[in-house]
Structures are given as C-alpha cells and as structure tokens.
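These notes concern the structure reproduced below.
Within every chain, numbering begins at 1; the chains are lettered A, B, ... in the order of the sequence lines, protein sequences first and strands thereafter. This is a predicted model, so every value here is computed, not measured.
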Amino acid sequence: MAYWLVKSEPSVWSWDQQVAKGAKGEAWTGVRNHSAKLHMIAMKKGDSAFFYHSNEGKEIVGIAEIIREAYPDPTDESGKFVCVDLKADKKLKTPVTLVAVKAEPKLAEMALLKYSRLSVQPVMADEWKLICKMGGV
DNA sequence: GCCAACGTTGGC
DNA sequence: GCCAACGTTGGC
C-alpha cells in the first residue's frame with residue numbers, strides 16, 4: 001500500500017467534479033512529465049492519493065483511490081504518457097493548506113514543497129498519517 | 001552532447 | 001502580474 005499526491009487546478013478538474021463521478025471514477029489524464037509518469041506507473045490498485053488544488057485554494061481537499069493501474073493516456077497523441085483511473089474516496093473534514101504544510105516541521109521534506117511543479121508525487125507513510133490527522137480523518 | 005532560449009507551472 | 005524552478009527544444 002503506497003501513498004501519493006495528485007495536483008489539479010480546480011478550474012480544470014476539481015475535487016467536486018471527481019466526487020460527481022462516483023464509484024466509477026475518472027481517468028487522470030494530461031500528465032506530460034516523465035517523473036510524474038514514473039510515479040503513475042508505480043501506482044497499484046487500491047493505493048490512496050491526496051487530491052490537491054493548485055493555484056486556487058492551494059490545499060489538500062480529499063483522498064482518492066486508484067481504481068485502475070497505469071495505461072496509455074488516450075489524450076496523448078504521442079503515445080508516450082500514461083494515466084490511471086481515480087475515484088473520490090473521502091473528503092478531509094478540514095482542508096490542509098499549503099501554509100499549514102509549510103508550518104509543520106515534520107512535513108518539510110514533502111515533495112509538495114521540494115518539487116512544487118511536480119503534479120504526481122509520492123507521499124511517505126508518516127507524512128500521510130500526519131496530514132490525515134491534520135485534516136480530521 | 002552541451003547549453004542558451006524559450007515555455008509552462010505554480011506560489012506569491 | 002511577476003518570477004523562480006524546471007522541462008524541452010534546437011543550434012552548434
């Protein structure tokens with residue numbers, strides 16, 4: 001069981017839209033970065049991922065579950081990139097903001113802070129637990 | 001294969 | 001709207 005974090009601009013694809021898809025989920029497409037791609041390939045069905053809103057909100061709003069492992073991204077004409085399917089699992093009672101993550105010394109090593117442009121990132125188990133606690137789940 | 005120029009992301 | 005970080009492109 002591994003943990004991840006995916007980012008999306010809510011104006012493009014928001015948590016509420018993800019929730020509206022229900023149990024059948026939605027393909028997480030459009031990732032055009034090789035580091036992010038490698039992380040998606042490493043995802044296993046049943047893994048969990050934080051859902052982070054970039055630009056607007058700048059906070060972790062919910063937890064999604066990987067329901068389909070990496071397959072070719074249908075929106076990528078070059079055929080080089082992959083996507084996974086995610087479904088909304090649960091919403092954090094309290095969103096964990098970027099400010100809150102930065103204020104917590106135990107989270108200083110998070111990829112979210114170190115590689116702010118990376119749209120799919122791994123999360124350490126203890127980071128995961130702490131953020132869940134901060135988020136009230 | 002190096003590196004400058006350029007584009008994109010995302011925080012501020 | 002600005003700019004830092006970083007990926008990509010293209011000339012050499």
Using the rule that Ile, Leu, Val, Met, Phe, Trp and Tyr join whenever any side-chain heavy atoms are under 4.5 Å apart, tell me whether A/L118 and A/V120 fall into a single cluster.
no
Indicate, with yes or no, if A/Y71 and A/V84 share a hydrophobic cluster defined by side-chain heavy-atom contacts under 4.5 Å among Ile, Leu, Val, Met, Phe, Trp and Tyr.
no
Could you state the atom-to-atom distance from [atom1] of [X] to [atom2] of [N] in whole Å?
X: A/K102; N: B/dG10; atom1: NZ; atom2: C1'; answer: 11 Å
X: A/H34; N: B/dT9; atom1: NE2; atom2: P; answer: 15 Å
X: A/K58; N: B/dC12; atom1: NZ; atom2: C1'; answer: 6 Å
X: A/W13; N: B/dG10; atom1: CH2; atom2: P; answer: 17 Å
X: A/N55; N: B/dC12; atom1: CG; atom2: P; answer: 11 Å
X: A/K37; N: C/dT8; atom1: NZ; atom2: P; answer: 11 Å
X: A/N33; N: C/dT8; atom1: CG; atom2: C1'; answer: 11 Å
X: A/L112; N: B/dG10; atom1: CG; atom2: P; answer: 10 Å

Output every pair passing salt bridge (Lys or Arg N to Asp or Glu O under 4.0 Å) with a member in [range], not counting sequence neighbours, ordered by first then second residue.
range: residues 35-57 of chain A; result: none
range: residues 13-35 of chain A; result: A/K21-A/E26, A/R32-A/D73, A/R32-A/D76
range: residues 127-137 of chain A; result: none

For residues 79-120 of chain A, pull every pair meeting ring pair (Phe, Tyr, Trp, His ring centres under 6.0 Å), keeping only residues two or more places apart or in separate chains.
A/H34-A/F81
Salt bridge (charged side-chain N to carboxylate O under 4.0 Å, His left out) with A/E59: which residues, sequence neighbours excluded?
none
Apart from A/L5 itself, residues in the same hydrophobic cluster as defined by side-chain heavy atoms under 4.5 Å
A/M1, A/Y3, A/F50, A/Y52, A/I60, A/I63, A/L92, A/V96, A/L98, A/V101, A/L107, A/M110, A/L112, A/L113, A/V123, A/W128, A/L130, A/I131, A/M134, A/V137
Looking at A/Y52, does any N or O in its side chain come under 4.0 Å of the phosphate oxygens OP1/OP2 on B/dG11?
yes
Per-nucleotide protein contact string for nucleotides 2-7 of chain B (B base, S sugar-phosphate only, - none; heavy atom under 4.0 Å)
-----B
Contact class for A/L118 vs. all strands (heavy atom < 4.0 Å): base, sugar-phosphate, or nothing?
nothing
Could you pull out all residues at least two apart from A/W4 that satisfy ring pair (Phe, Tyr, Trp, His ring centres under 6.0 Å)?
none
side-chain contact (heavy atoms from CB on, under 4.5 Å) partners of A/L38, counting only residues at least two apart:
none
Give every residue pair that meets the side chain to side chain donor-acceptor pair (under 3.5 Å) criterion with at least one member in residues 98-111 of chain A, sequence neighbours excluded.
A/E109-A/K114
Expected output is a numbered-order residue list: members of residues 72-83 of chain A with a heavy atom under 4.0 Å from any atom of DNA chain B. What is it?
none
With each end axis built from five pairs of C1' atoms, what bend angle do you get for the helix from B/dG1-C/dC12 to B/dC12-C/dG1? Round to 10°.
10°
